[in-house]
Novice: 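Sharing a structure below in structure tokens format, with a few things to ask.
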Amino acid sequence: MKKIFEIEMKVRDYECDTQGIVNNANYLHYFENTRHEFMLSIGASFKESHALGVNPVVTRADIHYKTPLEGGDLFISSLTIERKGAKIIFHQYVNRKSDAVLCCKGQIEVVILVNGLLSRGDYYDELMQVYL
């Protein structure tokens with residue numbers, strides 16, 4: 001799949017564990033930040049959709065760690081998306097910028113709740129139609 005969005009980030013020292021590498025939980029933060037920035041780039045504000053009762057909710061995260069990042073490393077976080085029934089699947093990647101080595105990849109499944117009930121997610125389909 002062709003990557004449809006990417007953002008450059010930098011590892012902050014407090015994200016590293018005593019081994020000097022990024023703690024595994026921080027990759028979830030990187031992925032989430034990337035999804036939020038992607039949604040903003042297509043005109044989707046989580047605050048505005050929440051006010052309408054439309055809420056994307058992560059239901060599953062499958063992460064594969066490949067090569068560790070270290071404090072100060074610059075990296076590119078990117079994603080692609082697909083639709084599977086009521087789910088939007090985000091395929092996400094973190095690559096070290098200096099050598100493009102894949103550090104982590106994940107598949108994040110999201111469903112859309114409208115007023116607390118599972119929906120097909122038409123609100124987001126309209127915004128993402130060019131990518132689905």
Side-chain angles (χ1 to χ4, degrees):
M1 291 182 166
K2 183 179 186 248
K3 294 174 183 164
I4 60 170
F5 182 81
E6 65 180 35
I7 185 171
E8 182 177 312
M9 291 188 257
K10 183 177 182 178
V11 175
R12 297 162 290 209
D13 291 337
Y14 65 83
E15 296 170 335
C16 298
D17 58 23
T18 56
Q19 297 170 316
I21 60 175
V22 171
N23 179 279
N24 61 336
N26 285 301
Y27 290 93
L28 286 169
H29 294 286
Y30 300 156
F31 286 166
E32 183 173 26
N33 184 58
T34 304
R35 288 192 309 277
H36 280 243
E37 292 297 326
F38 166 69
M39 297 304 286
L40 285 171
S41 78
I42 63 170
S45 161
F46 287 110
K47 184 176 181 179
E48 290 172 9
S49 68
H50 177 71
L52 297 171
V54 180
N55 294 291
V57 178
V58 172
T59 57
R60 181 182 174 122
D62 184 19
I63 300 174
H64 299 263
Y65 303 99
K66 302 293 187 179
T67 302
L69 287 168
E70 299 177 348
D73 280 348
L74 293 174
F75 62 94
I76 305 297
S77 182
S78 59
L79 61 78
T80 64
I81 58 174
E82 71 173 306
R83 172 65 91 166
K84 274 191 181 173
K87 298 176 190 172
I88 299 171
I89 312 295
F90 290 86
H91 300 276
Q92 298 194 240
Y93 310 89
V94 168
N95 293 78
R96 191 170 36 239
K97 185 176 180 184
S98 63
D99 57 9
V101 166
L102 178 64
C103 298
C104 182
K105 66 180 182 176
Q107 184 172 300
I108 312 299
E109 294 182 3
V110 174
V111 297
I112 310 301
L113 302 180
V114 176
N115 298 318
L117 301 173
L118 183 62
S119 79
R120 169 110 174 113
D122 295 335
Y123 175 86
Y124 286 105
D125 275 355
E126 291 175 21
L127 295 168
M128 294 188 282
Q129 66 184 336
V130 91
Y131 303 111
L132 292 173

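Quick note: residue numbers are just sequence positions, from 1. Note: hydrogens, waters and symmetry copies are ignored here, and every other heavy atom, side chains too, is used.
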Novice: Any donor and acceptor pair, going by atom type alone, linking the side chain of E8 with main-chain N or O of I76 inside 3.5 Å?
Specialist: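 No, E8 side chain to I76 backbone: no donor-acceptor pair under 3.5 Å.
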Novice: Indicate, with yes or no, if V94 and Y14 share a hydrophobic cluster defined by side-chain heavy-atom contacts under 4.5 Å among Ile, Leu, Val, Met, Phe, Trp and Tyr.
Specialist: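 Hydrophobic grouping puts Y14 apart from V94.
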Novice: Side chains of M128 and F38: does their closest heavy-atom pair fall under 4.5 Å?
Specialist: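 The answer is yes; the side chains approach within 4.5 Å.
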Novice: Taking side chain as C-beta onward, heavy atoms only, is Y124 less than 4.5 Å from P56?
Specialist: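 A side-chain contact under 4.5 Å exists here.
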Novice: Under 4.5 Å between side-chain heavy atoms, hopping through other hydrophobics if needed: is there a path connecting L117 to V54?
Specialist: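 Different clusters: L117 never reaches V54 through Ile, Leu, Val, Met, Phe, Trp or Tyr contacts under 4.5 Å.
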Novice: Can you find a pair of side-chain heavy atoms, one from I21 and one from C16, that are under 4.5 Å apart?
Specialist: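 Sidechains of C16 and I21: no contact.
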Novice: How would you list all residue pairs meeting salt bridge (charged side-chain N to carboxylate O under 4.0 Å, His left out) that involve residues 13-38, not counting sequence neighbours?
Specialist: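 Non-adjacent pairs meeting salt bridge (charged side-chain N to carboxylate O under 4.0 Å, His left out): R12-E15.
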Novice: Can you list the steps and then say if T80 with Y131 is a side-chain hydrogen bond (donor to acceptor under 3.5 Å, both in side chains)?
Specialist: CA-CA 8 Å; T80 64; Y131 303 111; over 6 Å; no
Novice: Applying ring-ring contact (aromatic ring centres under 6.0 Å, His included), which residue pairs with at least one partner in residues 98-117 are found, sequence neighbours left out?
Specialist: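 Checked against ring-ring contact (aromatic ring centres under 6.0 Å, His included) - neighbours excluded - no pair reaches residues 98-117.
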Novice: Evaluate side chain to side chain contact (heavy atoms under 4.5 Å, CB included) for E6 paired with L79, printing each intermediate quantity in order.
Specialist: CA-CA 7 Å; E6 65 180 35; L79 61 78; over 6 Å; no
Novice: Does H36 have any side chain to side chain donor-acceptor pair (under 3.5 Å) partners at least two apart in sequence or in another chain, and if so, which?
Specialist: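 H36 satisfies side chain to side chain donor-acceptor pair (under 3.5 Å) with no other residue.
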Novice: Only pairs under 3.5 Å count here: list side-chain donor-acceptor contacts from residues 63-75, not counting sequence neighbours, and write none if there are none.
Specialist:
unit_1: Y65; atom_1: OH; unit_2: N24; atom_2: O; d: 3.2
unit_1: D73; atom_1: OD2; unit_2: E70; atom_2: N; d: 2.8

Novice: Supply the atom-to-atom distance K3 NZ to S77 OG, rounded to the nearest 0.5 angstrom.
Specialist: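 One finds 9.5 Å between NZ of K3 and OG of S77.
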Novice: Same cluster or not: L28 versus I88, using hydrophobic residues (I, L, V, M, F, W, Y) connected whenever any side-chain heavy atoms lie under 4.5 Å apart?
Specialist: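 Same hydrophobic cluster.
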Novice: Tabulate below the donor-acceptor pairs under 3.5 Å that side-chain atoms of residues 99-115 make, not counting sequence neighbours, or state none.
Specialist:
unit_1: D99; atom_1: OD1; unit_2: R96; atom_2: NE; d: 3.1
unit_1: D99; atom_1: OD1; unit_2: V101; atom_2: N; d: 3.2
unit_1: D99; atom_1: OD2; unit_2: R96; atom_2: NE; d: 3.4
unit_1: D99; atom_1: OD2; unit_2: R96; atom_2: NH2; d: 3.1
unit_1: E109; atom_1: OE1; unit_2: K87; atom_2: NZ; d: 3.3

Novice: Are L40 and Y30 joined in one hydrophobic group, where the rule is that I, L, V, M, F, W and Y side chains link up if heavy atoms are under 4.5 Å apart?
Specialist: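 Result: no, two separate clusters.
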Novice: For a quick test of reading the model, state the closest non-hydrogen atom pair linking A86 to S119 and the distance between them.
Specialist: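 Between these two residues, the closest heavy atoms are CB-O, 3.9 Å.
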Novice: Got a second to check how far D122's CG is from Q129's CD, nearest 0.5 Å?
Specialist: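 Spacing of CG (D122) from CD (Q129) equals 11.5 Å.
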Novice: Which residue pairs pass the ring-ring contact (aromatic ring centres under 6.0 Å, His included) test with at least one member in residues 81-115, sequence neighbours excluded?
Specialist: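 Checked against ring-ring contact (aromatic ring centres under 6.0 Å, His included) - neighbours excluded - no pair reaches residues 81-115.
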Novice: Given M9 and I7, is the side chain to side chain contact (heavy atoms under 4.5 Å, CB included) satisfied, shown in steps?
Specialist: CA-CA 7 Å; M9 291 188 257; I7 185 171; 3.9 Å; yes
Novice: Please answer: with hydrophobic residues joined when any side-chain heavy atoms are less than 4.5 Å apart, are F46 and V57 in the same cluster?
Specialist: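 F46 and V57: separate clusters.
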Novice: More than 12 heavy atoms of other residues, nucleotides or ligands under 6.0 Å from CZ of R120: is that the case?
Specialist: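 It does: R120 CZ has more than 12 such atoms within range.
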